[in-house]
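Every number for a ligand or one of its atoms is a count from 1 in the order of the listing. Sequence positions, counted from 1, serve as the residue numbers for this chain.
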Amino acid sequence: MADKQVVKAGDVSQRVGVEVIAKRGVDVPKLIKMLIANAGAEFASTYYYYTILRMHLAGHEDYKEICEDARLEDRAHWELIVPRIYELGGELPNDLKAFHDQAGCAAAKLPDPPTVVNILTLLLESERCAIRSWSEVCDVTFGKDPRTYDMAARILNEEVEHEAWFIELLAHERDGKIVPSGHFRRGEPGHAPYSKNAGFYNP
Ligand SMILES: [Fe+2]
Ligand SMILES: [Fe+2]
């Protein structure tokens, strides 16, 4: 049987969903801050700027397609995590510029000059930032907040794949080396098998 209840019957100003994870040791205000920073990185640092990067991969249709998967999956990550911020009692800044400035990863701005190698390097480093950020969320929620952990782990699965894709492309393009990612292609652009709970490519 659960021990003493803190949230009173009928009280809509507090949440049992927060009470239970706080009791297990989650610093909820800190977690909300981390999730807002990560949501900002997904939406502003990557999804928005990957749109520009993808367009500048003209002539490399294969790279363009893979960049598009990473771009749309970052949008899926944004969509997946935003409701969780509100469930925890947080909210997005009501100002897009303020939101952008809180992002946990640097904006993936079009490099100068916008060569294929420079774009692939930027994509790779952006994915690496995402892996570090989502791993931190996994670390602070593991064994304490199964819902946030599950979401962060789904996102992390895709970020690890994205890093592998861009290692493969950059190694090939810059160094003429074969460093396989194991990747073939998504079922459809931005398939997001983990964050959308869609079937994996498994012929
Ligand atoms: Fe992402
Ligand atoms: Fe990514």
Side-chain angles (χ1 to χ4, degrees), residues 31-57 60 62-85 92 96 99-111 116 118-141 147-171 173 179-198 200-201:
L31 177 61
I32 291 170
K33 233 177 145 192
M34 290 169 83
L35 294 181
I36 292 172
N38 285 15
E42 298 292 348
F43 180 82
S45 308
T46 58
Y47 172 65
Y48 177 81
Y49 287 105
Y50 278 21
T51 309
I52 299 168
L53 298 180
R54 188 205 67 200
M55 290 179 185
H56 283 78
L57 288 168
H60 298 268
D62 42 359
Y63 297 176
K64 203 194 270 183
E65 192 175 317
I66 290 170
C67 182
E68 178 68 350
D69 281 330
R71 182 182 84 96
L72 293 178
E73 291 187 5
D74 282 349
R75 192 181 74 189
H77 300 165
W78 146 262
E79 294 287 356
L80 181 66
I81 208 63
V82 163
R84 186 67 184 137
I85 293 169
L92 294 176
L96 186 56
F99 180 56
H100 167 280
D101 293 346
Q102 288 175 38
C105 294
K109 289 188 176 179
L110 187 68
V116 184
N118 286 347
I119 291 175
L120 291 174
T121 304
L122 183 63
L123 288 164
L124 173 60
E125 292 309 319
S126 299
E127 300 301 342
R128 288 175 164 168
C129 181
I131 290 173
R132 293 186 184 107
S133 307
W134 287 113
S135 295
E136 280 175 28
V137 174
C138 287
D139 286 347
V140 301
T141 55
R147 180 159 165 78
T148 306
Y149 178 84
D150 178 62
M151 291 177 171
R154 285 167 187 270
I155 294 170
L156 180 62
N157 267 288
E158 286 167 359
E159 305 298 10
V160 170
E161 292 188 350
H162 297 173
E163 182 193 35
W165 301 349
F166 293 123
I167 284 176
E168 177 178 309
L169 299 186
L170 182 61
E173 184 66 35
V179 184
S181 65
H183 177 57
F184 177 52
R185 66 177 301 179
R186 293 302 201 205
E188 59 192 35
H191 186 60
Y194 296 90
S195 57
K196 288 185 183 172
N197 201 21
F200 298 102
Y201 173 69

Checklist entry - salt bridge (Lys or Arg N to Asp or Glu O under 4.0 Å) between R75 and E42: does it pass, once the steps are laid out? => result CA-CA 7 Å; R75 192 181 74 189; E42 298 292 348; over 6 Å; no
Next on the checklist: Is it the case that over 12 heavy atoms from other parts of the model lie below 6.0 angstrom from the NZ atom of K33?
Outcome noted: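 Result for NZ/K33: open.
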Checklist entry - Name the one of Y49, Y48, W78 that satisfies ring pair (Phe, Tyr, Trp, His ring centres under 6.0 Å) with F43? => result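 The single option meeting the ring pair (Phe, Tyr, Trp, His ring centres under 6.0 Å) with F43 is W78.
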Item to check | Test applied, side chain to side chain contact (heavy atoms under 4.5 Å, CB included); reference residue, H77; option that passes from M151, E159, R154 | outcome: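 That would be E159; it is the only one of M151, E159, R154 passing the side chain to side chain contact (heavy atoms under 4.5 Å, CB included) with H77.
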Item to check | Test applied, side chain to side chain contact (heavy atoms under 4.5 Å, CB included); reference residue, Y194; option that passes from L80, L156, N157 | outcome: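 Single pass found, and it is N157.
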Next on the checklist: Tell me which pairs pass side-chain hydrogen bond (donor to acceptor under 3.5 Å, both in side chains) where either residue lies in residues 121-132, with sequence neighbours left out.
Outcome noted: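 Qualifying pairs: Y50-E127, E125-R128, E127-H162, R128-E163.
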Item to check | Tally, protein N/O/S atoms nearer to the Fe ion (ligand 1) than 2.8 Å | outcome: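 Total protein N/O/S atoms under 2.8 Å from the Fe ion (ligand 1): 5.
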